[in-house]
*Asks:* 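First, the structure itself, so that you have it in front of you.
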Amino acid sequence: MWLLFVFMTVASVCLADEKSFGDWPQWRGPNRDGISTETGLLRKWPEGGPKLLWEITGLGIGYSSVAISGGRLYTMGDRSIVEQGRSTKAQCVIAYDIATLKELWAAKVGPPHDDGGPRCTPTIDDGFVYAIGTLGDLVAVEADTGKVLWRKNMQTDFGGKNPGWKYSESPLVDGEKLLCTPGGRDSVMVALNKKTADLIWKCSMPDIGPNGMDEAGYSSIVISQAGGIKQYVQLTNKGLIGVAAKDGRFLWGYNKIANGTANIPTPVVYGEYVFCSTAYGAGGALLKLVGTDNNVKADEVYFLNSSIFQNHHGGFVRIGEYLYGGHGHGQGKPTCIEIKTGKVMWQENQPGGGSAGVVYADGHLYFRYENDVVALIEADPQKYNLKSTFTLPKRDGMSNPGWPHPVVCGGRLYLRHANVLFCYDVKAD
């Protein structure tokens with residue numbers, strides 16, 4: 001009886017620890033919107049930044065952010081592995097135990113990418129980890145063991161078209177379906193059975209305009225219920241598209257938002273609306289999705305030219321009736337826009353250098369700049385209020401720009417730069 005009591009006590013403590021680390025199981029958080037539901041966080045950081053709890057190295061080269069589930073942290077990196085008795089370099093999904101910082105396993109996804117490594121953030125669902133490599137290798141991995149259960153390739157299996165900077169998408173799990181974007185006319189988007197990888201449907205894409213390219217973009221799929229039809233909204237290198245969730249029908253396309261180089265940010269869905277922005281001189285647009293005879297049409301509400309708002313690859317978040325994100329090609333000027341009108345409430349000089357990834361938590365925006373300056377900005381549409389800034393310490397292995405998006409989960413702020421991951425305590429006392 002005493003041993004049973006001890007076992008149950010330890011188990012309950014472990015479960016409590018797992019829960020204390022929070023849940024951020026995919027790209028941009030539980031709802032793919034860059035919004036953390038954390039409360040009780042610091043309203044201002046001490047000089048030099050919040051307390052650094054820990055740092056780990058060995059992630060490998062990569063722009064992937066992190067996913068957190070069940071007390072474990074998952075990411076991707078290009079790193080050395082031993083294969084058939086020989087040391088070689090490969091692209092891997094990696095799992096860590098957050099409590100001990102112990103690496104649990106690393107599973108090979110595919111070949112490395114010499115231009116900065118992987119971009120995908122793994123998706124965690126029902127004991128499995130899903131990830132996409134830069135050459136289109138799509139894998140399902142057992143979360144407990146790191147065993148690869150199945151793999152597909154978006155080019156060889158679905159005829160996809162890989163863009164110039166390679167696949168960057170983070171896959172979406174919706175019920176029993178796994179969604180991804182091979183690109184190309186015949187399989188712009190596919191739905192697979194998440195357990196078996198059997199094809200459920202694929203979507204062919206008609207010509208939706210003269211700009212852009214007939215290939216995948218660098219964005220990730222989000223879900224909309226607009227127009228009375230559940231649909232998957234994605235930004236490809238042809239523009240924004242909507243695909244029927246039930247059968248993969250192409251519903252609508254909007255080409256004007258596409259630029260001819262790289263279409264990157266994840267769209268924001270708000271009721272019957274979709275907002276997206278791209279850089280390279282493009283701009284931003286709000287669409288209203290209207291149901292018409294078992295179909296959906298996309299009406300442009302407004303278009304903001306590139307001098308008003310263009311977002312490179314840091315993304316943007318919607319808080320209430322307002323959007324917040326970084327403006328400028330290769331820049332991240334903090335900007336607030338009234339979402340339904342396109343009115344710029346404020347736009348300020350950036351406190352850091354280069355593009356900025358953004359996440360929201362507890363009334364504040366966390367801007368992470370590519371030069372490793374991190375800023376805390378109040379999410380107030382009436383005024384710009386920069387609360388605090390700090391800079392990540394320099395470490396060996398912090399190569400390439402600091403592009404991985406920040407994560408706020410379990411009272412902690414996670415910031416990656418290539419081979420190094422930092423974890424800060426942002427919980428208020």
*Asks:* The criterion is ring pair (Phe, Tyr, Trp, His ring centres under 6.0 Å); which residues satisfy it with His313, sequence neighbours excluded?
*Replies:* Trp403
*Asks:* For the ring pair Phe275 and Phe316, is the centre-to-centre distance below 6.0 Å?
*Replies:* yes
*Asks:* Please report, to 0.1 Å, the donor-acceptor pairs under 3.5 Å made by any side chain of residues 125-133, with sequence neighbours excluded.
*Replies:*
from: Asp125; atom 1: OD2; to: Lys194; atom 2: NZ; distance (Å): 2.7
from: Tyr130; atom 1: OH; to: Lys194; atom 2: O; distance (Å): 2.9

*Asks:* Just do the salt bridge (charged side-chain N to carboxylate O under 4.0 Å, His left out) check on Lys108 and Asp137 with the steps written out, would you?
*Replies:* CA-CA 10 Å; Lys108 181 180 177 180; Asp137 295 293; over 6 Å; no
*Asks:* For Asn385 and Asp380, which I'm curious about, is there any donor-acceptor pair between the side chains at under 3.5 Å?
*Replies:* no
*Asks:* Could you go through residues 218-232 and list every donor-acceptor pair under 3.5 Å that involves a side-chain atom there, pairing it with any protein atom two or more places apart or in another chain?
*Replies:*
from: Tyr218; atom 1: OH; to: Gly164; atom 2: N; distance (Å): 3.2
from: Tyr218; atom 1: OH; to: Trp165; atom 2: N; distance (Å): 3.0
from: Ser219; atom 1: OG; to: Gln234; atom 2: OE1; distance (Å): 3.4
from: Ser219; atom 1: OG; to: Pro265; atom 2: O; distance (Å): 2.9
from: Ser220; atom 1: OG; to: Ser170; atom 2: N; distance (Å): 3.0
from: Ser224; atom 1: OG; to: Ala226; atom 2: N; distance (Å): 3.1
from: Lys230; atom 1: NZ; to: Asp174; atom 2: OD1; distance (Å): 3.2
from: Lys230; atom 1: NZ; to: Asp174; atom 2: OD2; distance (Å): 2.8
from: Gln231; atom 1: OE1; to: Trp252; atom 2: NE1; distance (Å): 2.7
from: Gln231; atom 1: NE2; to: Ala226; atom 2: O; distance (Å): 3.0
from: Gln231; atom 1: NE2; to: Ile229; atom 2: O; distance (Å): 3.1
from: Tyr232; atom 1: OH; to: Asp174; atom 2: OD2; distance (Å): 2.6
from: Tyr232; atom 1: OH; to: Lys177; atom 2: NZ; distance (Å): 3.3

*Asks:* Can you sort out the partners of His417 under side chain to side chain donor-acceptor pair (under 3.5 Å), two or more places apart, ordered by chain and number?
*Replies:* Asp372
*Asks:* Would you tell me whether Arg416 and Thr75 have side-chain atoms, one donor and one acceptor, within less than 3.5 Å of each other?
*Replies:* yes
*Asks:* Establish, yes or no, whether the cationic atom of Lys51 lies under 6.0 Å from the six-membered ring centre of Tyr424 and within 45° of the ring axis.
*Replies:* no
*Asks:* Please check if any side-chain donor atom of Thr181 sits under 3.5 Å from a side-chain acceptor atom of Glu169, or the reverse.
*Replies:* yes
*Asks:* Answer yes if the side chains of Thr134 and Gln91 hold a donor-acceptor pair under 3.5 Å, and no otherwise.
*Replies:* yes
*Asks:* Among pairs that include at least one residue of residues 26-44, which meet salt bridge (Lys or Arg N to Asp or Glu O under 4.0 Å), considering only residues two or more places apart or in two chains?
*Replies:* Arg43-Asp362
*Asks:* Are Glu176 and Lys195 packed together at the side-chain level, in the sense that at least one heavy-atom pair is separated by less than 4.5 angstrom?
*Replies:* yes
*Asks:* Would you mind listing every salt bridge (Lys or Arg N to Asp or Glu O under 4.0 Å) that reaches into residues 350-361, with sequence neighbours excluded?
*Replies:* none
*Asks:* Checking Glu348 now: which residues fulfil side chain to side chain donor-acceptor pair (under 3.5 Å) with it, not counting sequence neighbours?
*Replies:* none
*Asks:* So which atom in Asp425 and which in Leu42 form the shortest heavy-atom distance, rounded to 0.1 Å?
*Replies:* O-CD1, 4.0 Å
*Asks:* By the salt bridge (Lys or Arg N to Asp or Glu O under 4.0 Å) test, which pairs, at least two apart or in different chains, include something from residues 257-270?
*Replies:* none
*Asks:* List the residues meeting salt bridge (Lys or Arg N to Asp or Glu O under 4.0 Å) with Glu142, not counting sequence neighbours, and say none if there are none.
*Replies:* none
*Asks:* I'd like a table of donor-acceptor pairs (distance under 3.5 Å, sequence neighbours excluded) in which one partner is a side-chain atom from residues 331-338, with atom names and distances.
*Replies:*
from: Thr335; atom 1: OG1; to: Lys333; atom 2: O; distance (Å): 2.8
from: Thr335; atom 1: OG1; to: Gln347; atom 2: NE2; distance (Å): 3.0
from: Glu338; atom 1: OE1; to: Thr341; atom 2: OG1; distance (Å): 2.6

*Asks:* With sequence neighbours excluded, what pairs up with Trp45 under the ring pair (Phe, Tyr, Trp, His ring centres under 6.0 Å) test?
*Replies:* Tyr366, Phe390
*Asks:* By ring pair (Phe, Tyr, Trp, His ring centres under 6.0 Å), which residues pair with Tyr280, not counting sequence neighbours?
*Replies:* His312, His329
